[in-house]
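The block underneath contains the structure these notes are about, expressed in structure tokens.
Computed from a predicted structure; not experimentally measured.
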Amino acid sequence: MLLVGALTLAALAAAPAARAQKTVGFAPLVLRLPASARALAMGNAFVAGRGSEMIFYNPAQLSSTPGLGVSVGRFGSASTAAARSASSALGAGGIGLGAQMLDYGATSGATPRVGSALTTRGPEASASLAASLGAAYPFRGIRWGFAVKYAQERFPTSRGSRAAFDVGVAKDAGPVTLAVAAQNLGGGFRVGSSLLRLPRAVTAGFFGGALPMGAFDLTAGASVSVRQGGRVTPAAGAELGYIPLDGWSVVGRVGVRRAEESGPGIVTLGGGLGLDRLSLDYAYEAFDGPGGAHRVGIRIR
């Protein structure tokens, strides 16, 4: 509870002072989307997960599993998202790099939204970008992490950018990892005549180690996020793995979450194939209206 309170205060302290001009939405849009196929398939409940993609979720976990990751997502026939990440051990800790990109079509005068802006392409070719650099280090049995990022939203006739940062902590409790992260801390920024806010959030959750179930292994995770404006977003996910041959693995995944705005659905699905250190992942999420989102990824541990 002390760690949750401390990170909540950090997020509140980073809130910008009141301005006379009304803020009209949250951006960059890419920071509001799942950043890997595995995380998406598990409902995006990944604050205590493992892998190089933790640069996007909780920098405290960068020292847990060094590796590389690439994923690409397609939202119907309208928008494309991509993410790349790399992490490496550094002494007792770890470092990580990550980049996210979203290409979509905005509607003139409209604030970027998670739903309709992705599955239905507007007339204005737009892009959302973010690049992150983070590090983690253990102290007194707890992993501590910090990441700085450069974020940008681009429209045909205007663009805006600013720096932001994430902080996080994580601790192993037997086969379960407990974690808290505060993300996208920083003030607002201007895009054209609009003043937008970073999508700040504080998330707490756990991710469980493999639980043997006969020939299968079960791993589960859950999280609760408090987002800008006080919106509470719970999520949970599980993956069931099977090893048919030495070095090979087959995984099925399912997740549930509270939908963002009126866009993504509640249930996410996916799976994966693994061979030694290489994994191929797939995830699907439904959207209100036309189309859905498919995401594929490759991870090297």
Side-chain angles (χ1 to χ4, degrees), residues 2-17 19 23 25-36 39 44 46-49 51-64 69 83-88 90 93-102 112 128-139 142-153 159-171 179-191 195-205 223-231 233:
L2 179 61
L3 293 175
V4 174
L7 290 178
T8 302
L9 290 176
L12 295 176
R19 292 178 172 86
T23 55
F26 302 103
L29 185 56
V30 72
L31 294 180
R32 306 179 62 192
L33 303 177
S36 80
N44 215 35
F46 219 61
V47 68
S52 64
E53 63 264 49
M54 295 312 298
I55 184 66
F56 307 124
Y57 290 93
N58 184 351
Q61 285 291 84
L62 287 173
S63 60
S64 60
R84 293 182 291 179
S85 59
S87 61
S88 177
L90 182 64
I95 58 173
L97 295 168
Q100 298 163 271
M101 180 279 293
L102 172 69
S128 188
L129 309 168
S132 304
L133 170 65
Y137 195 81
F139 180 71
I142 297 176
R143 294 187 293 277
W144 304 82
F146 177 84
V148 61
K149 64 181 68 173
Y150 172 80
Q152 182 182 92
E153 197 79 20
R159 68 178 62 183
S161 61
R162 71 158 298 122
F165 65 93
D166 301 344
V167 292
V169 294
K171 180 178 177 59
V180 184
Q183 294 180 284
N184 308 320
L185 304 182
F189 64 103
R190 196 178 303 277
V191 181
L195 186 63
L196 302 177
R197 292 178 290 178
L198 290 167
R200 296 192 299 272
V202 177
T203 304
S223 67
V224 176
S225 297
V226 180
R227 302 187 180 277
Q228 179 81 8
R231 181 179 176 85
T233 307

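- Remark: Asn58 engages no residue in a side-chain hydrogen bond (donor to acceptor under 3.5 Å, both in side chains) (not counting sequence neighbours).
- Taking each heavy atom of Leu198 and Phe26 in turn, the nearest pair found is O-CD2, 3.9 Å.
- In this structure a side-chain-to-backbone donor-acceptor pair under 3.5 Å is present from Gln183 to Phe56.
- A pairwise comparison of heavy atoms in Ala27 and Glu153 identifies CB-OE1, 3.9 Å as the closest pair.
- Every residue two or more places apart in sequence or in another chain that forms a side-chain contact (heavy atoms from CB on, under 4.5 Å) with Ser223 is listed here: Ala45, Val47, Thr203, Ala235.
- Under 3.5 Å, the side chains of Ser52 and Ser85 contain a donor-acceptor pair of N or O atoms.
- Pro28 and Ser128 get closest at one heavy-atom pair: CB-OG, 3.1 Å.
- Using modelled atom types, no side-chain atom of Arg84 and backbone atom of Gly98 make a donor-acceptor pair closer than 3.5 Å.
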Item checked: Test log, rule side-chain contact (heavy atoms from CB on, under 4.5 Å), inputs Arg197 and Phe189 -> CA-CA 6 Å; Arg197 292 178 290 178; Phe189 64 103; over 6 Å; no
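- One distance of note links CG of Leu185 with NZ of Lys149; it measures 8.5 Å at 0.5 Å rounding.
- A search for side-chain hydrogen bond (donor to acceptor under 3.5 Å, both in side chains) contacts involving Ser88 returns nothing, not counting sequence neighbours.
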Note to self: For Leu31 and Gln100: C-alpha separation, side-chain torsions, deciding distance, then whether side-chain contact (heavy atoms from CB on, under 4.5 Å) applies.
What the structure shows: CA-CA 8 Å; Leu31 294 180; Gln100 298 163 271; 3.8 Å; yes
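- Asp166 places no side-chain N or O within donor-acceptor distance of the main-chain N or O of Ala147, the cut-off being under 3.5 Å.
- Residue-environment remark: OH (Tyr137) stays at or below the threshold of 12 foreign heavy atoms within 6.0 Å.
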Next item on the list: Would you please test Gln152 and Arg159 for side-chain contact (heavy atoms from CB on, under 4.5 Å) and show each step?
Entry: CA-CA 7 Å; Gln152 182 182 92; Arg159 68 178 62 183; 4.2 Å; yes
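- No side-chain heavy atom of Arg162 sits less than 4.5 Å from a side-chain heavy atom of Tyr150.
- When side chains are defined from C-beta on, Leu102 counts as touching Leu33, because their heavy atoms get closer than 4.5 Å.
- When all heavy atoms are compared, the tightest approach of Asn184 to Arg200 is O-CG, 2.8 Å.
- Contact record, Tyr57 with Ala181: O-CB, 3.6 Å, taken as the closest heavy-atom pair.
- Across all their heavy atoms, Ser63 and Gly93 have their closest contact at CB-C, 3.5 Å.
- The OG1 atom of Thr233 lies 4.5 Å from the CZ atom of Arg227; values are rounded to the nearest 0.5 Å.
- Contact annotation: the side chain of Leu62 never approaches that of Ile95 to less than 4.5 Å [non-hydrogen atoms, C-beta and beyond].
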